[in-house]
Protein chains: 2
Amino acid sequence: MSITNSKGRILEAALALIARRGDARVTMAQIAKAARVSRQAVYLHFADRADLMVALARHVDHKRGLAEEIQRVNSAPTARAALSAMVALQARTNPDIWAVARAVDAVRRTDDAAERSWQDRLQHRLEGCRQLIARLEREGELRKDIDPAAAADLLWTITSLRTWEDLVLQRGWTPEHYQSHITRLLLAALTRDGGL
Amino acid sequence: MSITNSKGRILEAALALIARRGDARVTMAQIAKAARVSRQAVYLHFADRADLMVALARHVDHKRGLAEEIQRVNSAPTARAALSAMVALQARTNPDIWAVARAVDAVRRTDDAAERSWQDRLQHRLEGCRQLIARLEREGELRKDIDPAAAADLLWTITSLRTWEDLVLQRGWTPEHYQSHITRLLLAALTRDGGL
DNA sequence: CCACAGCTTGACATTGTGTCAATAACAAAT
DNA sequence: ATTTGTTATTGACACAATGTCAAGCTGTGG
């Protein structure tokens, strides 16, 4: 799939640079050069650096077909299977999102648009967690001594990018380890029988 | 306790500014001004910004008497009580450390000293988690279907500053909620009977 | 009185961000 | 075929922040 407009070229170039570096300490000039475009052209398409990073996050989501992936989680046969699928989804997609997410996180304190975008994604994922907890409850699998709202928050933070970063990038867990251990932990903490 | 040397004054000033702002986007000039010292004087005491942030982290630790607090965790009567104490320690100290930790995290990718300092703290906390898991195992409380090394990593990430930030700062949990829910989750995930 | 440590002043180089104005290339519309 | 509008380029500029340098001030102890 070739890129037609230079806006797309800029995004792709930024993504490639960030991926290569492993973090988002990339200057606008470098991005422009990589996209074979003048530095000013970048500012024709994006208001500023923060705007570009936010667009980048959306772009990655879209490219991955994130919406469909989430559908797949919800269409799992049981709540417990859905939980497992959710962890698998994170294990699969986090590597690509990570650096960009860090970049947005870094600028969100100064930039309103970035902050809104961040809260948006946060809210979205949180909603997914709430639904999964609601389903667990409906299927009678949720621990009775736990508040559903708190359970959703816990599910949300444990399946977050940050936990993934800690375990996979810092501690060197394999994706398989991450998936199996986190799934087991969640079942133990949130379901009635403590996960088998 | 009054501050005698200006090195201390600079650290205190930086700390106050960061605390007031809630994050570490503070310039060297602002810090110097707050410490009523010339901007260049700051560079007489600290090689650069990263160096200052690292020193700040140490300073906060020292001020809190962190070493003794950790002793107290280890001197709990049982492993389960120690785990609870560890979570309580996080709940109590994280608010003060948070902004500084974020600052160090932000510069650690460009600065070697910051990275080393970060890995140091990380390693230190991880060691504490390992010991706690070992004690759980010794007392026959550790789940048998879990690898001790993985259990330590999980304990480490779940009691991390990041998880605390997610739940307390983002989701608005009270310190009490944080403490009780996280303790319960850890007991459920790591101990034999799933925490009562 | 001298030396030295700690600090100040002011100037400077550098890097990165963001803005602006003038201009070029080119496609589509009329 | 000229006009129009979009998109991009070039080069210059202002600004903020970091970090460096040289010269000089001040007080304390030898």
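Below, each value reflects all heavy atoms present in this structure, side chains not excepted, and no hydrogens, waters or symmetry copies. Here is how names work: the chains are called A, B, and so on, in the same order as the sequence lines, proteins then strands, and each is numbered from 1.
- Only one option out of B:E141, B:R135, B:E139 pairs with B:R80 in a side-chain contact (heavy atoms from CB on, under 4.5 Å); it is B:E141.
- Residue B:R39 is in base contact, counting any heavy-atom pair closer than 4.0 Å across all strands shown.
- Residue B:M28 has its side chain nearest to D:dG19 when only C:dT9, C:dG18, D:dG19 are considered.
- The CZ-C1' distance, from B:R36 to C:dG6, rounds to 17 Å in whole Å.
- Across the protein-nucleic acid pair, A:I31 atom CD1 and C:dG16 atom C1' stand 12 Å apart, rounded to whole Å.
- Atom CZ of A:R25 has 12 or fewer neighbouring heavy atoms from other residues, nucleotides or ligands inside a 6.0 Å radius.
- Here B:T27 lies in heavy-atom contact (under 4.0 Å) with sugar-phosphate atoms only.
- Rounded to a whole Å, the NZ atom of B:K33 is 16 Å from the C1' atom of D:dA17.
- A:L89 has its side chain within reach of A:E69: a pair of non-hydrogen atoms, C-beta onward, lies under 4.5 Å apart.
- In this structure, CZ of A:R49 is placed 17 Å from P of C:dT15, rounded to the nearest angstrom.
- When the C1' atom of C:dG16 is taken as reference, atom CG of A:L17 falls 16 Å away, rounded to whole Å.
- As rounded to whole Å, 13 Å separates atom C1' of D:dT6 from atom CG of A:N5.
- If you check distances only, the side chain of B:Q40 does reach the base of D:dT20 with a donor-acceptor pair under 3.5 Å.
- Contact annotation: B:H45 reaches the phosphate of C:dC7 (side-chain N/O to OP1 or OP2, under 4.0 Å).
- With distances taken from any side-chain atom of A:L44 to the nucleotides C:dC7, C:dT9, D:dA8, the minimum falls on D:dA8.
- In terms of position on DNA chain D, the residue among B:Y43 and A:V37 whose nearest nucleotide sits closer to the 5' end is A:V37.
- Distance alone, capped at 3.5 Å, is enough to place a donor-acceptor pair between the B:T191 side chain and the B:L187 backbone.
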